[in-house]
Amino acid sequence: MKTITFPATNKKLSKLKAGELVLLYGTIITGRDQVHKQLADKLRLKKKLPVNLKGQAIYYVGPTPCKPGEIVGSCGPTTSRRMDAFTPALLKAGLTAMIGKGNRSKEVIKAVKKYRAVYFATIGGAGAYLKKKVTSAKIIAFPELGPEAVYEFKIAAFPAIVWIDSRGKTL
Amino acid sequence: MITAKNIADTVSSLCIRANTVLRSDAKKALNRSCACEKNAKAKFILNALIENYKIAEKEQSPICQDTGITIVFAEIGLQANLKIDIGKAVNAGVAQGYKKGYLRKSMVKDPVLRGNTGNNTPAIIYYSFIPGKKLKLTVLPKGFGSENKSKLFMLNPTATPEEIKKTVLSAIKEAGPDACPPYMVGIGIGGDAGKAVFLAKKALTYKIGFWGETSFYKSLARDIYKNGNALNIGPLGVKGRTTLLGVNILTFPTHIAGLPLAVNFSCHVLRSASATL
């Protein structure tokens, strides 16, 4: 199985083909609905972002609260489609990969191709299984959003399927 | 004697149980599907889903991070003689369970202005009356990825079973890979718009393999199941023969001018738990 370590360059990601099952490693950030709205608003108003998107992968997730002694709570992906309207702006700002579940809009497919990014789907509903693939987690932005805050995750052998590759091909 | 504390404690433990222990019928359906699946990627995913519910049960962790909007069916015995505010007690139980079980709080105060309520209340409570002295509580934590795919169709009264089947299949196709297939499909037919939607949701609390109340509806549900699995959506949309875990239909008499049809989806994490006081 191919592996990818984040942050990753477009060049490395361009080797991936839609439909491939891969294992992800390295450091990624999380963000879902409200974070996308706020980041896209800030980009539009040319304000400074509270997180660095360059070369980053964003994982669409809102984990359950951490039990004592746990690294992170259950943390499977949420539906990617709801992020579609904000995604092209984030890709333009340097984001190189997204991890979620389900299909994306035509606009997102076009933007993925344009910015040579990749969209991965991981295992929806497998929150307990996927938390085992997270080796560290800390909140780095938007703590006021509770489960929707931005976390920095370190991941190891995190399974994902290449859903849209950098040429705009989909599964 | 049923007290407010009884109700709250029961709801609290039902919230935790439903979210951490997958229903036995859902476990069986996942294992059966995994054994029959030929597509390698689909099989990899089904195996991960089986491992997922095992980890969740062992560690008492939520099976899915979306621990849902909490739907509670309260079936109240007419002779139970309850002199307490059941709604208040149920909500106290939800708040207690979501805190104690480290479940995610996903409810916002206002649908437009948002703002998390911090304890996953209020629950959506459906009250009904049954004979006897007991109180039956069923908790259905409903993830919203699948809830967002809900559909209501106001069909013509002359619609045939074939049209009903095609309409449900179109809803499954539209849900596609987004809402964590393999799906359990709840179908409500008849009543008014609201009743059909209610029945579609209630159908999810019936076991996989219930299909329907009569042989006519059982065979319609089986037909939808067979054709739904032939859509080749597969687990999470990677294709394969496992698109549905089951189909349950509930019905109610309706008006001469209409045929309401509602579809409610559950992801593969089909959760609910019941207790009787």
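Scope of the values below: all heavy atoms of this structure, side chains included, with no hydrogens, waters or symmetry mates. Reminder, nothing fancy here: chain letters follow the sequence lines and each chain counts from 1.
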Would you say B/Leu49 and A/Ile123 make side-chain contact, with heavy atoms under 4.5 Å? yes
Passes side chain to side chain contact (heavy atoms under 4.5 Å, CB included), A/Trp163 versus B/Val238? Steps please. CA-CA 9 Å; A/Trp163 209 266; B/Val238 299; 4.2 Å; yes
Per-residue contact mode, A/Glu70 against chain B (heavy atom under 4.5 angstrom): side chain
Of the non-hydrogen atoms in B/Asn52 and A/Gly125, which two are nearest, and what is the gap between them? ND2-O, 3.0 Å
Quick check on A/Thr122 against chain B: is it the side chain, the backbone, both or neither that has a heavy atom closer than 4.5 Å? backbone
So, do B/Asn116 and A/Pro147 sit near enough that their side-chain heavy atoms are less than 4.5 Å apart? yes
Intermediate values then yes/no, side chain to side chain contact (heavy atoms under 4.5 Å, CB included), A/Thr64 and B/Thr67: CA-CA 8 Å; A/Thr64 58; B/Thr67 50; 4.1 Å; yes
Give the intermediate values and the outcome of salt bridge (charged side-chain N to carboxylate O under 4.0 Å, His left out) for residues B/Glu59 and A/Lys132. CA-CA 11 Å; B/Glu59 301 189 0; A/Lys132 298 285 190 194; 2.3 Å; yes
Any idea which heavy atoms bring A/Gly62 and B/Arg104 closest together, and the distance? O-NH1, 2.6 Å
Part of A/Ala126 lying under 4.5 Å from any heavy atom of chain B: both
Under the side chain to side chain contact (heavy atoms under 4.5 Å, CB included) criterion, do A/Thr79 and B/Asn148 qualify, and how do the steps go? CA-CA 10 Å; A/Thr79 312; B/Asn148 277 335; 6.0 Å; no
Determine, for B/Lys41 against A/Glu20, whether the closest basic-nitrogen to carboxylate-oxygen distance falls under 4.0 angstrom. no
Taking all atoms of both residues into account, what is the closest heavy-atom pair of B/Pro62 and A/Ser74, and its distance? O-OG, 2.6 Å
